[in-house]
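A short worksheet on the structure shown next.
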Amino acid sequence: MADALPPRLIAHLDMDAFYASVELLRRPELRGLPVVVGGRRASPAAGDDWPRLRDYTGRGVVTTSTYEARALGVHSGMGLMRSAALAPQAILLPADFDEYRRLSRLFKAAVAELAPAIEDRGIDEIYIDLSDVPGAREAVGHDPLGGARALAQELKNNVRRATGLSCSVGLAPNKLLAKICSDLDKPDGLTVVMAEDVASRIWPLPVRRIHGVGPKASARLESLGVHTIGELARQSPAWLSDHFGAHHGEWLLAAAHGQDDRPVVTESEPVSMSRETTFERDLHPRTDRALLGRIFTDLCERVGDDLRRKGYVGRTIGIKLRFDDFRTVTRDHTVALPTADGQLIRAAAGQCLKRINLSRRLRLLGVRVGNLSHAVGIDTPPTATARAPMPEPAPIRRPTAAAQRKAAPAPVEAGAQGQSLSLFPEWDDPAPPAPD
DNA sequence: TCTGGGGTCCTAGGACCC
DNA sequence: TCTGGGGTCCTAGGACCC
């Protein structure tokens with residue numbers, strides 16, 4: 001018999017327009033203006049004026065924009081060129097991640113002083129379990145949630161004191177509802193939603209506001225006539241299961257009813273680390289081969305550096321390519337011994353590359369290492385010594401016929417064959433001879 | 001004038017082992 | 001010469017999130 005769990009008190013805290021707000025901290029004269037953070041470098045400024053969106057050329061998207069820029073239609077993820085058409089006069093600043101990480105640590109520490117059970121959800125947001133914080137569950141005056149509300153306000157005050165920045169907080173019995181309601185009164189909001197408020201406060205919202213319902217699922221629901229969370233809540237389990245599968249359907253229905261048992265997870269281990277880059281112009285595997293080889297090697301070394309700096313090694317090395325038509329393919333390969341060595345990563349990644357048909361120009365190249373474990377000692381992966389008596393070689397798996405078809409589609413024309421992978425098995429990037 | 005970079009989780013099929 | 005089921009690992013792709 002599943003006893004009802006004791007009701008919880010969960011907060012979701014989200015920094016308001018975080019990157020843009022950090023930029024305004026050091027450039028207060030820009031307050032009130034449309035400001036966009038994004039792009040690779042500072043765009044050229046005319047005279048001593050600030051760099052403007054209209055002067056930017058090249059690839060890139062908006063990372064964050066101030067509320068003034070959002071009012072002009074400029075939102076995160078939008079291409080900078082398209083944004084420039086909407087807000088040519090907006091000021092464009094390059095991202096300074098070191099500074100954002102510094103402020104991120106500050107705001108999280110400020111919260112931890114009052115409530116230590118924090119789940120990290122990235123640079124600018126966290127969940128906080130307030131269930132066991134003294135006073136949080138006390139009624140204050142006629143407000144049964146007064147203690148929680150006061151605590152949430154204290155969290156906001158602490159964050160502002162530590163960083164000079166505002167945030168929005170949602171307070172609810174679970175993470176799902178807390179996340180939705182932190183967004184209901186941005187910026188600088190404090191919103192409480194309890195189970196009995198779900199019908200009045202949550203059901204009128206579009207399904208897209210459920211964390212986990214993205215563009216695809218919401219479009220699918222729309223096409224089936226389900227627009228709001230309330231309409232989703234009215235569907236039968238069988239109907240949802242038919243359209244979304246048993247598992248996903250069940251989850252959608254529970255979410256629509258504001259139900260969510262997930263705990264606040266205060267500690268976690270990384271699963272993978274990766275580096276990728278989108279080129280300024282699409283590169284051709286043959287004519288830009290040398291350049292691609294250097295970029296490829298550099299990505300491998302940077303992933304290796306990241307792993308070593310953080311004390312991890314990984315067994316599964318993978319690559320990611322995006323072609324000029326935006327099609328993305330990945331290949332990966334699991335090796336016997338985990339590594340954080342750039343050269344070993346490069347070798348495995350090179351093997352992966354041989355399995356891809358390189359007949360189109362590329363816009364992106366990425367390298368990933370997964371299957372992580374903690375590095376033990378220096379360059380001593382745990383399995384190298386712990387495995388007795390000898391490290392087991394990786395089983396040789398012959399690719400299936402289907403996999404082979406996918407990896408190397410039979411060239412249908414002579415021309416296609418000329419472009420196939422056999423001509424350039426990988427972008428050899430021999431290390432230059434040592435200078436001494 | 002399209003569409004960044006760093007992640008997580010899920011699914012599904014095949015290999016392989018018992 | 002054919003037929004099992006279950007469990008785990010590996011790989012590829014896709015949805016989604018910040």
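Every chain is numbered from 1 and lettered A, B, ... according to where its sequence line falls, protein lines coming before strand lines.
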Give the rounded distance in Å between these two atoms: [atom1] of [X] and [atom2] of [N].
X        : N      : atom1 : atom2 : answer
A:Lys179 : C:dC16 : NZ    : P     : 15 Å
A:Phe244 : B:dT11 : CZ    : P     : 15 Å
A:Asp332 : B:dG14 : CG    : C1'   : 15 Å
A:Tyr19  : C:dC18 : OH    : C1'   : 7 Å
A:Ile210 : C:dA15 : CD1   : C1'   : 15 Å
A:His247 : C:dC16 : NE2   : P     : 14 Å
A:Asp183 : C:dC18 : CG    : P     : 9 Å
A:Lys175 : C:dC16 : NZ    : C1'   : 15 Å

Work out how far the P atom of C:dC18 is from that of B:dC2, and round it to whole angstrom.
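Their P atoms lie roughly 28 Å apart.
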
Which nucleotide in the set C:dT11, C:dC18, C:dC10 lies at the smallest distance from any side-chain heavy atom of A:Arg355?
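Closest of the options to the side chain of A:Arg355: C:dT11.
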
Would one find a side-chain N or O of [X] under 4.0 angstrom from OP1 or OP2 of [N]?
X        : N      : answer
A:Arg331 : C:dG13 : yes
A:His211 : C:dC18 : yes
A:Arg208 : C:dC17 : yes

Can you build the contact string for nucleotides 1-7 of chain B? Use B for base contact, S for sugar-phosphate-only contact, and - for no protein heavy atom under 4.0 Å.
B-BBBSS

When Watson-Crick pairs (N1 to N3 and N6-O4 or O6-N4) and G-U wobble pairs (N1-O2 and O6-N3) count only below 3.5 Å on both distances, what is the dot-bracket string of DNA chain C, with | for other-strand pairs?
....||||||||||||||

Is the closest side-chain heavy-atom distance between A:Thr278 and A:Arg59 below 4.5 Å?
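A:Thr278 reaches A:Arg59 side chain to side chain.
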
Is there a side-chain contact between A:Val313 and A:His374 (heavy atoms, below 4.5 Å)?
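Counting from C-beta outward, A:Val313 and A:His374 never come under 4.5 Å.
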
Have A:Ser182 and A:Ser168 got a donor and an acceptor in their side chains that come within less than 3.5 Å?
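Side-chain D/A pair, A:Ser182 to A:Ser168: absent.
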
Both A:Asn371 and A:Gly214 contact DNA chain C. Which one's nearest nucleotide lies toward the 5' end?
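So the residue in question is A:Asn371.
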
Taking any heavy-atom pair under 4.0 Å as a contact, classify A:Ala217: base, sugar-phosphate, or nothing.
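A:Ala217: backbone/sugar contact only, no base atoms under 4.0 Å.
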
Looking for any heavy atom pair under 4.0 Å, which part of the strands does A:Leu299 touch: base, sugar-phosphate only, or nothing?
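Nothing, no heavy atom under 4.0 Å.
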
Here's one to test your reading of the geometry: is the NZ or CZ of A:Arg281 within 45 degrees of the ring axis of A:Phe279 and under 6.0 Å from its centre?
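No, A:Arg281 does not sit over the ring of A:Phe279.
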
Here's one to test your reading of the geometry: is the NZ or CZ of A:Arg54 within 45 degrees of the ring axis of A:Tyr56 and under 6.0 Å from its centre?
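Verdict for A:Tyr56: no cation-pi partner in A:Arg54.
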
Is the backbone of [Y] close enough, under 3.5 Å, to the side chain of [X] for a donor and an acceptor to pair up by distance?
X        : Y        : result
A:Arg8   : A:Asn174 : no
A:Arg160 : A:Leu165 : no
A:Asp96  : A:Glu99  : yes

Would you please classify the geometry between the A:Tyr19 ring and the A:Tyr100 ring as parallel, tilted or perpendicular, with 30° and 60° separating the classes?
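Because their plane-to-plane angle is under 30°, the rings of A:Tyr100 and A:Tyr19 count as parallel.
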
Are the ring centres of A:His247 and A:Trp251 closer than 6.0 Å?
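Centroid distance A:His247-A:Trp251: not below 6.0 Å, so no.
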
